[in-house]
Asker: 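Here it is: the structure, laid out below.
Residue numbering restarts at 1 for every chain, and letters A, B, ... go by the order of the sequence lines.
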Amino acid sequence: GDSVTQMEGPVTLSEEAFLTINCTYTATGYPSLFWYVQYPGEGLQLLLKATKADDKGSNKGFEATYRKETTSFHLEKGSVQVSDSAVYFCALRARNSGNTPLVFGKGTRLSVIA
Amino acid sequence: KAGVTQTPRYLIKTRGQQVTLSCSPISGHRSVSWYQQTPGQGLQFLFEYFSETQRNKGNFPGRFSGRQFSNSRSEMNVSTLELGDSALYLCASSLGTSGGNEQYFGPGTRLTVT
């Protein structure tokens with residue numbers, strides 16, 4: 001079945017450091033790919049998405065590019081802030097006909113220290 | 001536009017009891033999905049409803065059930081609660097059920113079973 005693998009956390013960075021969170025997927029066909037973020041005590045917020053190969057999703061300084069050849073969707077940010085501390089989830093949703101749920105990775109906890 | 005709302009936010013129940021959780025989707029969204037989040041298993045899909053019909057179901061026992069009303073509001077029910085049902089239950093809404101549709105999450109209901 002479809003699956004998502006993301007790097008184990010936790011990740012601890014100093015403010016203004018560069019962030020990369022790796023995400024690879026296994027799926028039949030060409031799924032839509034998403035990054036969600038979860039702040040403490042809250043639900044998931046959609047951070048960005050990409051629906052086809054070579055698409056780049058971006059939001060709030062975060063970026064991720066849909067790489068079909070490497071089945072990857074790594075999350076990057078050039079300069080993290082303390083307010084970016086949260087758990088980040090990579091997810092896919094198959095685009096075949098019918099009803100397809102989100103399939104999530106295990107999540108990566110990011111802590112940014114001042 | 002108001003986001004996804006879930007009630008109650010917190011719930012404490014005793015083993016053997018049953019519980020009903022409620023979700024109101026974003027206005028205009030007709031699809032509602034439910035996910036269970038636990039530290040051990042991560043985010044797991046429970047079921048999805050569209051136009052009052054269950055369209056997809058995850059790998060959970062029959063104690064977990066749900067329904068959707070004509071106004072797209074959804075409820076999920078867990079009967080004969082077990083300690084392992086303690087989790088954050090997240091509801092997500094989207095315009096439709098296909099893979100290109102983004103899912104927007106509510107804040108979740110934190111269920112504790114004692």
Asker: Looking only at heavy atoms and a cut-off of under 4.5 Å, which of A:Thr51, A:Leu92, A:Leu46 has the most pairs with chain B?
Answerer: A:Leu46
Asker: Which bit of B:Gln41 comes within less than 4.5 Å of chain A, counting heavy atoms only: side chain, backbone, both or neither?
Answerer: backbone
Asker: Given 3.5 Å as the limit, does a donor-acceptor pair link the side chain of A:Trp35 with the main chain of A:Phe73, or not?
Answerer: yes
Asker: Taking every non-hydrogen pair under 4.5 Å, which of B:Tyr104, B:Phe47, B:Tyr35 racks up the most with chain A?
Answerer: B:Tyr35
Asker: How about A:Phe89 and A:Phe34: are their ring centroids closer than 6.0 Å?
Answerer: no
Asker: Assess the residue pair A:Cys90 and A:Leu75 against the criterion (side-chain contact (heavy atoms from CB on, under 4.5 Å)); give the C-alpha distance rounded to whole Å, side-chain angles, the decisive distance to 0.1 Å, and a yes or no.
Answerer: CA-CA 9 Å; A:Cys90 184; A:Leu75 183 68; over 6 Å; no
Asker: Please state whether the side chain, the backbone, both or neither of B:Arg110 comes within less than 4.5 Å of a heavy atom of chain A.
Answerer: neither
Asker: Is the closest side-chain donor-acceptor distance between B:Gln103 and B:Ser33 under 3.5 Å?
Answerer: yes
Asker: Does a donor on one side chain sit under 3.5 Å from an acceptor on the other, for B:Arg73 and B:Ser22?
Answerer: yes
Asker: When heavy-atom pairs shorter than 4.5 Å are enumerated against chain B, which of A:Glu42, A:Lys49, A:Gln45 gives the highest number?
Answerer: A:Lys49
Asker: Do you know which of B:Pro107, B:Gly42, B:Gly108 has the most heavy-atom pairs under 4.5 Å to chain A?
Answerer: B:Pro107
